[in-house]
Amino acid sequence: MVGPASLGLRWWGTFDEGSMLGYYTIPYPPQDNGDNSPECSAVTQFQPALARRAFVSPAVSTQPLSESDVPPHQPCFDQPNKKAKFSITLISPVGVDSLSNSLEVSRKLSNGRFAPSELLSADFLAGREGVIDASKAENKFTAAEAEWETVEFAETPQMSTYIVAWAVGRFSSISASYTSPLTKKIIPLRILAATPLQHIERGQGQLALDTLAKVMPIYEKLFDIPYPLPKLDILVCDAFDAGAMENLGLICGRAELLLFDPAKDGVSAKFQVVATVAHEAAHMWFGDAVTLEWWDQLWLNEGFATLVRRSMGEVVVLDQIEPSWNVRSTFIKFRRAAALKLDSLRSSHPVEMRCPDDAEDTISQIFDAISYEKGSAILRMLSNLIGEDVFMRGVSKYLKSNLFGNTTSASLWDAMTQVSGVNVAELMHAWTHKVGFPVVTVGETSDGLLLRQNRFLSTGDPTPEEDETLWTIPLDIRVLNSAATDSRKILMSTRELFVPLKVTTESIYTLNSETSGTFRVSYPAQRLYKLAEESSHAKSQLSLADRLGILEDAILLAEAGQTRTSSTLGLMKQLSVEGERLIWAEIALSLHRISNTWWEQRQEVRNAIFAFGASLFGPLVERLGLKHLETDDTETRVLRVLAITAAAATENESVIEFLRTSFYQLAAGKVDETTIDLVATIVTETVRHGGEQEYNIALAIYNSPPTPGHQIAAISGLTATRSIALLMKTAAMLQSGQVADQNMAPFLMGLAANPLSRRLVWQFVQGSWGGLEAKLQGSTALGKLVQVSFESFSSESDADAVEAFFQEKDTTTFDQPLQQGIETVRAKARWLTRDQEDVEGWLRENNFLDS
């Protein structure tokens, strides 16, 4: 018999204690309520395939369940393309708040049992077979006797299980609303956080709420589609496995990404909150209303959500919120760079990575810079090629055509083709289906440019088999010093391409204008020198995006062995007159990569690298000063923080003394705007150069942080000390369980960044492997922890030792980050072997290293 059917299922389950996956609890310190009793909230986190941890179906039993009783795959259809409308009912203790995706429609006193229905009888719900009169399950008690209440929520639209959500606990909240520009309906908004921790009472939720109220109507107009629910909440979770999660109608996320105290948090924390809310709000359309068909299409969710908050969407969205933020170039510096860093490894993967239906372990590993950053970067490249207005028309058409359904990239390319007239599927095929990205090498002739594309690898040595892909590369060529600027867009889809172009020794041209393409360019040495010379001019014809892309390409090409590191050092020195914060951020990062790779070389060489850094950042600090001024714009303040932080890393004594003074003012509660922006640097550098007293102050901040950001700063300090005894004390915190699961990664990252404890981290992971694996199984945190534990090494022998340790272990759930970490170590080892003498020679020639 074929036709509609109703299926009733019952199941028992237990909270996922000690985890941040499925349906789990978040404990809070005992409250001063007379009985000193502990308190907790219960929340869900289901992405990517964890709804089955809440929807479990063992054999009916009235006894407590063991883990072996709970099968992992019943009865939940836990795949993104199995959508349904959800009507959720929660039974919770009287006096607590119950939340879910949709609006609450009723709240009644309860006897602690679900009410029977036509389908689900009382006996069925109680675990007994047969059907009995529903009246036997009626509540027979007064309000004074009730301990439970039943809360029902409105039916949701069609949605996937991974964005189903609910939460129970004592939550404080503040509210706002926005008026839909399309439907004119008023949509209520809230941010909620645990009452015991007083986040809302201290005013830390206002920025996230204000941001949500600003971006939602902008997104509606941008996509020409109204938000599909009658409410939207943000729930701050004090223990959360992901950064944040886009559950339809109930966004959840970490405290440090959603809370901001204007009196205690700096501009970087503000940007983090605004960017997080903008990203998750975009998911209400990308991912929630229109959902990936299967996890190999994850980039459609994450790439779009990243793009609309960090590239062309930010011009419309974040630029309206904070116009002083240089959002387009920030995308290049942080998002595009992260994508190309990972994608330069052999162990990278295609944007559309094959995920077999039963490969849960593979799915959890693709939430990385390829799905997020590369996905957004190639979309930005496409937008630049066909035009931003055309691109956004294509986006709107794609969303409308697939509303509340599931989709693949083919649907997106079809929509883009219809609005642009360009065969987008053909254009983008290699970018989404092939691993890696190209470097375009430029050769100059008397008649023009001879271009060649090859796959770029961090080791600079692709084999013929690894170099078979030919990308369709959208070249955006501009000659800047001609009488009239010569601009042309060319699609390069062959191995080599000749471009007729008259260039002289004085010509300034770029092949990737505004750094809009997802590829690197290797210019001839003399041409790169001319580009660097032009970049250093106060009124350079090169835009910030151009200068940033040229610098980043030059640095990474040197690390890959395609040029010498000495040329990169010279380029950084040449750009020391630069005034833009993002250029200085790239210089600081490059110096960090060099010192991090050279960390076990002779002390005099390491000191020479520090001296070079001091010659760059010392004068910059002197030029900017140590204190914020009322006339400073946001970019100047962020640049000052960067300069002070980098100068401290080069052992600048006056800067370190300034930070030490600020540390004691911070401990005494005396802060100004400069101190607020520098909290992490103040705590880190003072503990690094201090002793037990400074360490204990940082420990006190960690245990009682005024904001989540202060706790992260304290972790940085506790892991930065140069005292072996204090480092062992920090390590003991990890081993004794004093560190919350979600803080494990920051602690290990801090210890791995400290040369004195770098090997201690790897020893800790080896010695605690069994417990760590059991505790973090199923979490993306396991792979991150493994990678962090050894990725700071820079020798072939270390890479061999890591491979040997994991050789006989099951690495299925973290094989990608493991291989990526090992490859990173080997790339640094080869860079060091190749350019060790080159770097030392340059340092001697420039009087940073004695002859």
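In what follows, residues are counted from 1 in the order of the sequence shown. Predicted, not measured: the structure shown is a model, and the values here were computed from it.
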Q: For the residue pair E246 and H279, confirm or rule out a side-chain donor-acceptor distance under 3.5 Å.
A: no
Margin query: Salt bridge or not between R640 and D632? Use side-chain N to carboxylate O under 4.0 Å.
Written below: yes
Decide yes or no for V638 and F271: does some side-chain heavy atom of the first lie under 4.5 Å from some side-chain heavy atom of the second? no
Does a side-chain heavy-atom distance below 4.5 Å link F260 with T211?
no
Going by an N to O cut-off under 4.0 Å, is there a salt bridge joining R170 and E39?
yes
| task | May I ask you to check whether over 12 heavy atoms, not counting those of M749, lie within 6.0 Å of atom CE? | result | no
dist C252:SG -> I234:CD1 (nearest 0.5 Å) comes out at 10.0 Å
Check your understanding: For the side chain of N743 and the backbone of V739, is there at least one donor-acceptor N/O pair under 3.5 Å apart?
Key -> no
Original post:
Would you find a donor on one side and an acceptor on the other, under 3.5 Å apart, between the side chain of T719 and the backbone of I715?
Top reply: yes
query: Which is it for T515 and L548 under the side-chain contact (heavy atoms from CB on, under 4.5 Å) test, yes or no, and what are the steps along the way?
result: CA-CA 8 Å; T515 316; L548 192 58; 5.6 Å; no
query: Does a sphere of radius 6.0 Å around CD in Q574 hold more than 12 heavy atoms from other residues, nucleotides or ligands, not counting ones at 6.0 Å or beyond?
result: yes
Correct closest heavy-atom pair for L666 and I682 would be CD2-CG2, 4.5 Å
Any heavy-atom pair between the side chains of I251 and M245 that's under 4.5 Å?
no
query: side-chain contact (heavy atoms from CB on, under 4.5 Å) between C237 and R254: does it pass, once the steps are laid out?
result: CA-CA 5 Å; C237 300; R254 291 188 176 211; over 6 Å; no
dist Q204:CD -> L197:CG (nearest 0.5 Å) comes out at 10.0 Å
Quick one: sort the Y372 and F367 rings into parallel, tilted or perpendicular, breaks at 30° and 60°. tilted
Here the pair of heavy atoms bringing A713 nearest to V679 is CB-CG1, 3.7 Å
When every non-hydrogen atom of R688 is compared with those of A720, the smallest separation belongs to CG-O, 3.4 Å
When every non-hydrogen atom of G205 is compared with those of I200, the smallest separation belongs to CA-CD1, 4.3 Å
- Step by step, work out the side-chain contact (heavy atoms from CB on, under 4.5 Å) result for I555 and L551. CA-CA 6 Å; I555 291 169; L551 175 61; 3.6 Å; yes
Rounded to the nearest 0.5 angstrom, the OH-OG1 distance for Y695 and T721 is 7.5 Å
Review point. Is the closest side-chain heavy-atom distance between P817 and K784 below 4.5 Å?
Key: no
For A588 and A646, the nearest pair of non-hydrogen atoms, with its separation, is CB-CB, 4.5 Å
> Looking only at atom types and distance, does a side-chain atom of D97 sit under 3.5 Å from a main-chain N or O of F171, one as donor and one as acceptor?
Replying inline: yes
Distance-only donor-acceptor check, side chains E201 and S172, under 3.5 Å: yes
With E673 as partner, the option from K627, H628, R637 fulfilling side-chain hydrogen bond (donor to acceptor under 3.5 Å, both in side chains) is R637
Rounded to the nearest 0.5 angstrom, the OG1-CG distance for T276 and L259 is 11.0 Å
Can you confirm whether I550 sits close enough to L542 that some side-chain heavy atom of one is under 4.5 Å from a side-chain heavy atom of the other?
yes
(request) May I ask you to decide if L257's main-chain N or O and Q272's side chain share a donor-acceptor pair within less than 3.5 Å? (result) no
query: Is it true that a side-chain atom of Q45 and a backbone atom of A242 form a donor plus acceptor pair closer than 3.5 Å?
result: no
* State, yes or no, whether a side-chain contact exists between M733 and L699 at a heavy-atom distance under 4.5 Å. => yes
Take F747 and Y702 through the test ring pair (Phe, Tyr, Trp, His ring centres under 6.0 Å) and record every step on the way to the result.
CA-CA 11 Å; F747 266 98; Y702 172 75; 5.4 Å; yes
inquiry  = Quick one: does any side-chain atom of R660 pair with a main-chain N or O of T686 as donor and acceptor, under 3.5 Å?
reply    = no
Are S654 and N652 close enough that a side-chain donor and a side-chain acceptor fall under 3.5 Å? yes
Rounding to 0.5 Å, atoms CD (E791) and OG1 (T824) come to a distance of 4.5 Å
Discussion item. Measuring only between side-chain heavy atoms, which start at C-beta, is F663 closer than 4.5 Å to E685?
Written reply: no
*asked:* For a quick check under 3.5 Å, do S535 and S540 share a side-chain donor-acceptor pair by atom type?
replied: no
Requested in this report: Indicate whether the side chain of Y664 and that of E694 have a donor and an acceptor atom separated by less than 3.5 Å.
Outcome: yes
| query | Can you check whether A647's main-chain N or O pairs, donor with acceptor, with T650's side chain at less than 3.5 Å? | reply | yes
For E586, is there an ion pair with R593 - N to carboxylate O distance below 4.0 angstrom? yes
Given the options T707, D261, D238, H199 meets side-chain hydrogen bond (donor to acceptor under 3.5 Å, both in side chains) only with D238
**Asked** Is the number of heavy atoms from other residues, nucleotides or ligands within 6.0 Å of CD (Q738) greater than 12?
**Response** yes
Value for CG (L639) from CD1 (I583), rounded to nearest 0.5 Å, stands at 11.5 Å
Margin query: Could you tell me if R758 sits above the aromatic ring of W599, with its cationic atom closer than 6.0 Å to the ring centre and no more than 45 degrees from the axis?
Written below: yes
- Please answer whether the main-chain N or O of E580 pairs with a side-chain N or O of E578 as donor and acceptor at a distance below 3.5 Å. yes
- Can you check whether L189's main-chain N or O pairs, donor with acceptor, with Y178's side chain at less than 3.5 Å? no
Heavy-atom nearest pair, V577 first then R623, reads O-NH2, 4.4 Å
Any donor-acceptor N/O pair, N696 side chain to E692 backbone, under 3.5 Å: yes
### Side-chain donor-acceptor pair present, T195, Y28, cut-off under 3.5 Å
no
Would you please test I644 and L624 for side-chain contact (heavy atoms from CB on, under 4.5 Å) and show each step? CA-CA 10 Å; I644 290 172; L624 294 169; over 6 Å; no
| Is there a side-chain contact between W285 and E220, using heavy atoms and a 4.5 Å cut-off? | yes
